[in-house]
Colleague: 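Before anything else, here's the structure in question.
From a predicted model like this one, the values you see are computed outputs, not experimental measurements. Atoms within a ligand are numbered from 1 in the order they appear, just like the ligands themselves. Here, residue 1 is the first one in the sequence, and each next residue gets the next number.
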Amino acid sequence: MTEEAIPLCNSRDLVDGGLAVGFDVVYGGQTCRAFAIRFEGRVHAFLNRCTHVAMEMDYQEGRFFDDTGQWLLCATHGAVYRPDTGECAGGPCRGGLVRIALSEHDGVVRWHTDWNLQPVAF
Ligand code: FES
C-alpha cells in the first residue's frame with residue numbers, strides 16, 4: 001500500500017505544550033484514537049494508547065501535557081512520556097507510545113499512513 005498524507009488540522013490549532021488534536025486511525029486492523037501535539041515548535045503524533053494498560057490516556061479530552069508543558073501524562077496511573085519521541089520517562093509504562101509520522105507545510109498539518117496505519121473508511 002502506498003503512503004498517503006492526510007490533512008489533520010491547521011498549524012494554528014496546535015499550540016506548544018497545549019491541547020492535542022485527536023483523530024482516528026486503523027492500526028493493525030483496529031480503529032484507535034490518536035493525537036497530535038506541538039512541542040518545542042515541532043508537531044508530533046502518537047496512538048492514544050498507554051503502554052501500561054491499553055487505554056486512552058487523556059482524562060479530559062485533548063489534555064496530555066502536564067502542568068509544565070514538558071511531559072505527556074497518562075491520567076490513569078501517571079505514566080510519563082517524552083513529547084518528542086513518546087519514550088517512557090517514568091511511571092508504570094513499558095516501552096514507548098506508537099508514533100505516527102506528521103508533516104507541516106503551508107499552515108496545514110498532515111499525518112502519514114504506513115503499512116499498518118490506515119485512515120478509517122467512511
Ligand atoms: S493505563 Fe496509563 S499509566 Fe496505567
Colleague: Do V43 and V21 land in one hydrophobic cluster if side-chain heavy atoms of ILVMFWY residues count as linked below 4.5 Å?
Modeller: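 Shared cluster, yes.
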Colleague: Can you tell me the N, O or S atom of H52 that's nearest atom 4 (Fe) of ligand 1?
Modeller: ND1
Colleague: Could you state whether F35 and W111 fall into the same hydrophobic cluster, counting links through intermediate Ile, Leu, Val, Met, Phe, Trp or Tyr residues with side-chain heavy atoms under 4.5 angstrom apart?
Modeller: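 No; W111 is not reachable from F35 via cluster members.
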Colleague: Would you mind listing which atoms of ligand 1 come within a distance below 4.0 Å of any non-hydrogen atom of A79?
Modeller: 3 (S)
Colleague: Under 2.8 Å from atom 4 (Fe) of ligand 1, is there an N/O/S atom belonging to H77?
Modeller: yes
Colleague: Between C50 and atom 4 (Fe) of ligand 1, is there a contact where an N/O/S atom of the residue lies under 2.8 Å from the metal?
Modeller: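 For C50, the answer is no, given that no N, O or S atom comes within less than 2.8 Å of atom 4 (Fe) of ligand 1.
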Colleague: Quick one: do F46 and I100 satisfy side chain to side chain contact (heavy atoms under 4.5 Å, CB included)? Show the steps, please.
Modeller: CA-CA 5 Å; F46 306 98; I100 298 173; 5.9 Å; no
Colleague: When clusters are formed by joining ILVMFWY residues with side-chain heavy atoms under 4.5 Å apart, either directly or through shared neighbours, do L8 and V25 land in the same one?
Modeller: yes
Colleague: Give the atoms of ligand 1, by number and element, whose distance to some non-hydrogen atom of V53 is under 4.0 Å.
Modeller: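 So the answer, numbered in order with elements, is 1 (S).
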Colleague: List the steps and the verdict of side chain to side chain contact (heavy atoms under 4.5 Å, CB included) for E4 and H112.
Modeller: CA-CA 6 Å; E4 252 184 287; H112 293 249; over 6 Å; no
Colleague: Is any N, O or S atom of C74 under 2.8 Å away from atom 2 (Fe) of ligand 1?
Modeller: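 Given the 2.8 Å cut-off, C74 counts as a ligand of atom 2 (Fe) of ligand 1.
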Colleague: I need the contact type for P92 against ligand 1. Using non-hydrogen atoms and a strict under-4.0 Å cut-off, is it side chain, backbone, both or neither?
Modeller: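 Only the side chain of P92 comes within reach of ligand 1.
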Colleague: Are the gamma sulfurs of C93 and C88 separated by less than 2.5 Å?
Modeller: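 Yes; the two sulfurs sit under 2.5 Å apart.
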